[in-house]
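This report concerns only the one structure given below.
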Protein chains: 2
Amino acid sequence: MIPPYQRIVAEITRRITDGELNPGDRVPSARQVAKEWDVALATAAKALTALRQEGLVEAEPRVGTVVAAARSRPRAAAPERELTRDRVVRAAIDIADAEGLAALSMRGVAARLGVAAMSPYRHVASKGDLVLMMADAVFGGMTLPARPDHWRARVEVGVRALWALHREHPWLAQLGPLSRPLLVPNLLAYSEWVLDGLAGLGLDPRTTFDLNVLLYSHVLGLAVHLEREAHAEGATGLSTEQWMNGQARALDRLAPAHPTFARLLTSFAETGYDLDLDALFELGLRSVLDGIERRTS
Amino acid sequence: MIPPYQRIVAEITRRITDGELNPGDRVPSARQVAKEWDVALATAAKALTALRQEGLVEAEPRVGTVVAAARSRPRAAAPERELTRDRVVRAAIDIADAEGLAALSMRGVAARLGVAAMSPYRHVASKGDLVLMMADAVFGGMTLPARPDHWRARVEVGVRALWALHREHPWLAQLGPLSRPLLVPNLLAYSEWVLDGLAGLGLDPRTTFDLNVLLYSHVLGLAVHLEREAHAEGATGLSTEQWMNGQARALDRLAPAHPTFARLLTSFAETGYDLDLDALFELGLRSVLDGIERRTS
DNA sequence: ACCTGAACACCGTTCAAGT
DNA sequence: ACCTGAACACCGTTCAAGT
């Protein structure tokens with residue numbers, strides 16, 4: 001008995017080798033696979049993951065899953081290249097960027113690098129260790145411009161850079177408070193920048209630290225939505241809009257008990273409602289900094 | 001070859017049956033177990049989990065792990081009580097409250113209820129389904145007082161209740177944006193409350209929805225810290241203070257590159273620094289509401 | 001029909017066997 | 001000595017065998 005996901009893998013492999021699908025072409029999404037083969041979304045996702053690990057397809061961040069270029073296909077090749085900690089960390093970041101932190105496994109990292117399952121363990125102590133190194137690596141790539149003079153401009157620049165980093169790597173929001181920053185040395189550069197800005201206010205050390213945490217939390221709270229937005233569609237197989245349409249009947253039932261919610265929601269019937277997280281980020285940032293300014297003046 | 005964690009289980013079981021440890025007494029913490037048996041913290045935690053699943057010990061939320069009362073010990077007993085969806089969901093909430101969402105497993109739920117591993121599946125479709133039901137159950141228990149007249153008081157009361165709920169059930173922060181609230185009907189009651197408050201401002205529907213998301217994110221961003229705080233000690237085996245002391249040398253090395261951070265941190269040398277998340281929550285809430293008020297006046 | 005044990009395809013990690 | 005396959009103790013979930 002061949003498991004269903006292997007039948008899907010075999011068929012998509014055939015389409016690629018037969019030239020029905022060419023490098024760069026989108027392969028069916030998990031949602032489409034689920035429909036076409038009449039399987040659960042989890043099974044469809046598994047099939048796509050298997051194809052990805054074989055190097056036949058690649059997750060193109062803002063496009064979907066596409067057929068890999070022929071020369072990148074034998075990913076298990078190039079075994080002469082030495083396995084380094086850096087390559088392990090970078091492979092893990094690639095996986096987390098494309099598929100989320102939940103899809104990151106030590107075995108998956110090894111497969112992506114074409115090495116034995118245990119080989120990464122020569123370079124990282126554990127999965128938790130690897131995740132800290134991933135965070136350190138992306139914080140190390142954070143770019144902060146020339147230091148503005150005014151405290152508020154300094155803080156804004158720093159927090160915006162943190163938000164931009166979370167946009168690029170939404171899995172950062174799943175790491176938690178990083179309350180022990182010395183384990184992620186490159187996070188210190190960010191903290192130093194913001195604390196330096198806040199220090200311009202001459203508040204007591206405790207309040208200064210607190211405000212740094214509050215601003216970090218503001219980014220975190222909104223960034224949590226980023227990862228879910230990126231993967232929610234795959235999980236339910238529906239876009240927010242489709243889902244809203246489908247729930248219209250349920251909404252009618254709920255309307256009597258939730259009049260304000262229902263009234264507001266119906267006003268989105270034509271235009272739709274999509275969350276502008278960037279605007280919310282700016283609104284929250286401005287509000288908090290205004291609040292600080294009012295407190296100290 | 002007996003796995004190390006089983007040796008630990010056997011020894012602690014002996015201490016309980018021999019009366020060295022009595023109901024209500026604290027058993028060694030994961031940290032203490034790790035030290036006493038010279039094993040990794042993961043192994044120690046595993047031993048305690050096994051004892052918990054046997055019903056010999058219980059996680060007492062703000063105390064630690066204690067010996068269970070004799071009569072509650074044969075937890076696998078009382079099999080005559082029918083397994084219901086409600087009991088499955090409640091057992092899962094208990095586990096998540098005591099040990100975090102990461103420690104929640106379908107098999108663990110079944111073991112806690114003394115039923116076969118597959119029995120819970122007769123009442124929930126999947127683990128994801130169970131988690132949604134858990135969220136719905138705790139949102140259903142959320143208490144909102146009489147409706148204040150002023151819009152701002154209404155919003156404050158609602159958001160504070162949401163924060164209180166996250167304090168009680170920190171795993172709520174791991175659920176993500178819950179951007180499809182109809183799947184968690186009881187969350188709608190909260191949204192309705194806050195939207196009703198915000199509607200008092202007469203803003204356009206889009207901004208009203210946005211502000212609801214911003215306030216929700218504010219709670220989420222800070223609540224993320226709650227779960228980690230609760231479990232960070234177990235994971236590293238050190239309190240924040242112990243850890244800070246231990247890192248003093250590392251700090252000295254980093255001080256030249258991070259002068260502001262180092263200067264602020266040394267000022268905590270005697271008093272220590274502990275995050276007052278409740279104060280930060282209030283500060284952020286006030287700032288955001290002030291910002292809204294200023295925008296609309 | 002209802003319930004559940006066995007099985008499958010995963011995990012992270014340990015450890016000893018291979019080179 | 002360095003590397004890695006086999007093994008262990010888990011997962012969530014499917015499915016067929018048991019009652």
Side-chain angles (χ1 to χ4, degrees), chain A residues 1-9 38-50 52-53 76 79-85 88 92 95 99-132 235, chain B residues 1-9 38-50 52-53 76 79-85 88 92 95 99-132 235:
Chain A
M1 249 294 284
I2 308 165
Y5 86 95
Q6 285 186 5
R7 284 193 298 109
I8 300 167
V9 168
D38 193 27
V39 294
L41 252 142
T43 310
K46 191 170 169 184
L48 291 180
T49 301
R52 218 177 281 126
Q53 291 191 353
E80 75 288 356
R81 255 179 81 201
E82 197 193 1
L83 187 62
T84 60
R85 186 160 109 170
V88 170
I95 292 171
E99 302 171 60
L101 204 57
L104 178 70
S105 75
M106 292 301 288
R107 288 159 131 103
V109 171
R112 190 185 183 91
L113 292 165
V115 299
M118 291 316 298
S119 300
Y121 277 99
R122 287 189 300 116
H123 300 95
V124 301
S126 67
K127 190 181 178 182
D129 187 42
L130 172 60
V131 171
L132 285 181
Chain B
M1 249 292 287
I2 309 164
Y5 86 96
Q6 286 188 4
R7 284 194 298 110
I8 300 166
V9 169
D38 193 26
V39 295
L41 252 140
T43 309
K46 192 170 169 184
L48 292 179
T49 300
R52 217 177 282 124
Q53 291 192 353
E80 76 289 354
R81 257 180 78 202
E82 195 193 2
L83 187 62
T84 61
R85 186 160 110 170
V88 170
I95 292 172
E99 302 171 60
L101 204 58
L104 178 70
S105 75
M106 293 300 288
R107 288 158 130 102
V109 171
R112 189 187 183 90
L113 292 165
V115 299
M118 290 317 297
S119 300
Y121 277 99
R122 285 188 300 117
H123 300 94
V124 301
S126 66
K127 190 181 178 181
D129 186 42
L130 172 60
V131 171
L132 284 181

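Residue numbers start from 1 in every chain, and the chains themselves are labelled A, B, ... in the order their sequence lines are given, proteins ahead of strands.
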Measure the distance from CZ on A/Arg107 to P on C/dC10 and round it to the nearest whole Å. 10 Å
Measuring from A/Arg107:CZ to A/Met118:CE, what's the distance to the nearest 0.5 Å? 8.0 Å
CZ (B/Arg85) and CG (B/Leu83) are apart, to the nearest 0.5 Å, by 12.5 Å
Name every residue in residues 115-126 of chain B that has at least one heavy atom under 4.0 Å from any atom of DNA chain C, in order of residue number, or write none if there are no such residues. B/Ala116, B/Met118, B/Ser119, B/Arg122
Counting a pair only when it is Watson-Crick or G-U and both distances are under 3.5 Å, which runs of at least 3 such pairs involve DNA chain C? C:4-8 with D:12-16, C:12-16 with D:4-8
Please check: side-chain N/O of B/His123 versus main-chain N/O of B/Val88, any donor-acceptor pairing under 3.5 Å? no
Taking all non-hydrogen atoms of both residues into account, name the closest pair between A/Ile95 and A/Ala103 and its distance. CG2-O, 3.9 Å
I need the CG-C1' distance between A/Leu113 and D/dC3, as an integer number of Å. 16 Å
As an exercise, state the distance from NZ of A/Lys127 to CG of A/Leu101, rounded to the nearest 0.5 Å. 6.5 Å
Atom NZ of B/Lys127 and atom P of C/dC10: how far apart are they, to the nearest Å? 18 Å
Nucleotide C/dC8, atom C1' - distance to CE of B/Met106 in whole Å: 17 Å
Heavy-atom distance under 4.5 Å between the side chains of B/Val115 and B/Pro120, does that happen here? yes
Minimal non-hydrogen separation, B/Leu130 against B/Ala92, with atom names: CD2-CB, 3.9 Å
